[in-house]
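Read the structure below first, then the notes.
Predicted model, so just to flag it, every value in this text is computed and none were measured. Each chain gets a letter, A, B and so on, in the order its sequence line appears, and its residues count up from 1.
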Amino acid sequence: MPAKKAKPVKEEQARVTTADKHFHFFEDVWSVARQIPKGRVTSYGAIANYLGAKGSARMVGWAMSSVPAKLKVPAHRVVNRNGMLSGKAHFNPPEKMEQLLKKERILVEKDKVVDFKNKFWDPATELGL
DNA sequence: ATATTGACAGGCA
DNA sequence: GTGCCTGCCAATA
């Protein structure tokens with residue numbers, strides 16, 4: 001086949017410049033994030049770890065900010081290791097994140113997920129890595 | 001091409 | 001427990 005890569009997405013192709021270098025990191029992040037069950041949350045590091053990019057948690061957050069609205073990715077279910085809604089400021093409006101979480105029976109107190117440890121969903125464990 | 005930043009995480013004082 | 005430093009890898013203020 002010609003040197004042409006079939007890309008499942010076309011909206012963010014402009015954003016995912018790295019995809020041209022075999023780095024589908026962003027796509028993977030979105031795929032995993034979409035598998036987070038309702039009423040559960042996970043951390044950037046957990047996703048990064050699942051993707052084998054442990055230590056690159058920042059990239060996960062970066063990917064989240066690049067999520068096209070068309071790819072229904074529950075970014076509100078992704079928080080930092082402290083269970084804090086570190087990315088709420090990037091929502092629209094910021095209160096939306098808490099709203100969405102609360103709608104899924106996830107309590108948020110002081111920008112922090114209540115009983116985070118119990119609500120935590122680790123892809124590496126739940127998906128059985 | 002270089003420097004700075006970024007929705008993080010782990011280690012150490 | 002808190003606070004500062006470093007590592008991670010890509011995007012661009």
*Provide, to the nearest angstrom, the distance between the CZ atom belonging to A:F25 and the C1' atom belonging to C:dC9.*
8 Å

_With a cut-off of less than 4.0 Å, is there a side-chain N or O of A:S43 near OP1 or OP2 of B:dA9?_
yes

*Does C:dC8 have a Watson-Crick or wobble partner in any strand here, with both distances under 3.5 angstrom, and which is it?*
none

*Calculate the interatomic distance between A:L51 atom CG and C:dA10 atom P; express it in whole Å.*
13 Å

*Gap between atoms CG and P, on A:N49 and C:dC9 respectively (whole Å)*: 14 Å

*Could you tell me whether a side-chain N or O of A:S43 sits under 3.5 Å from a main-chain N or O of A:A46, the two making a donor and an acceptor?*
yes

_Atom pair distance, as rounded to whole Å: CG in A:N82 and C1' in B:dA7_ = 13 Å

_I'd like to know if A:E104 pairs up with A:R40 as an ion pair, taking the criterion as any Lys NZ or Arg NE/NH1/NH2 lying under 4.0 Å from an Asp or Glu carboxylate oxygen._
no

*Check the distance between B:dA7's C1' and A:K96's NZ and give it to me in whole angstrom.*
17 Å

*asked:* Taking pairing as Watson-Crick or G-U wobble with both contacts under 3.5 Å, can you name the mate of B:dT2, or confirm there isn't one?
replied: none

*Of all the nucleotides listed (B:dG6, B:dA7, B:dG10), which has the minimum atom distance to the side chain of A:H90?*
B:dA7

*Taking only N and O in the side chain of A:S56, is any of them less than 4.0 Å away from OP1 or OP2 of C:dA10?*
no

_C:dC8 base / A:R58 side chain donor-acceptor hit below 3.5 Å_ = yes

*A:S86 side chain: which of C:dA13, B:dC8, B:dG10 is closest?*
B:dC8

*asked:* Under a 3.5 Å distance rule, please check whether A:N82 uses its side chain to pair with a backbone N or O of A:M84 as donor and acceptor.
replied: no

*Quick one: A:K88 NZ to B:dA7 C1', roughly how many Å, whole number?*
13 Å

*asked:* How many whole angstroms separate atom OH of A:Y44 from atom C1' of B:dG10?
replied: 17 Å

*Scan A:V108, A:D111, A:T42, A:V113 and name whichever one has a side chain to side chain contact (heavy atoms under 4.5 Å, CB included) with A:V79.*
A:V113

*Under 4.0 angstrom, heavy atoms only, what part of the nucleic acid is A:G45 near: base, sugar-phosphate, or nothing?*
sugar-phosphate

*Which part of the nucleic acid does A:A53 contact within heavy-atom distance under 4.0 Å: base, sugar-phosphate only, or nothing?*
nothing

*Just how far, in rounded Å, is P of C:dC9 from NZ of A:K54?*
13 Å

*asked:* Let's test this: given Watson-Crick or G-U wobble pairing with both distances under 3.5 Å, identify the partner of C:dA13.
replied: none

_Heavy atoms from C-beta onward define the side chain here; which of B:dA7, C:dA10, B:dA9 lies closest to that of A:M59?_
C:dA10

*Is the backbone N or O of A:V32 less than 3.5 Å from a side-chain atom of A:Y50, with the two atoms forming a donor-acceptor pair by type?*
no

*Output the single nucleotide from B:dC8, B:dA7, C:dA10 whose closest atom is nearest the side chain of A:M64.*
B:dA7

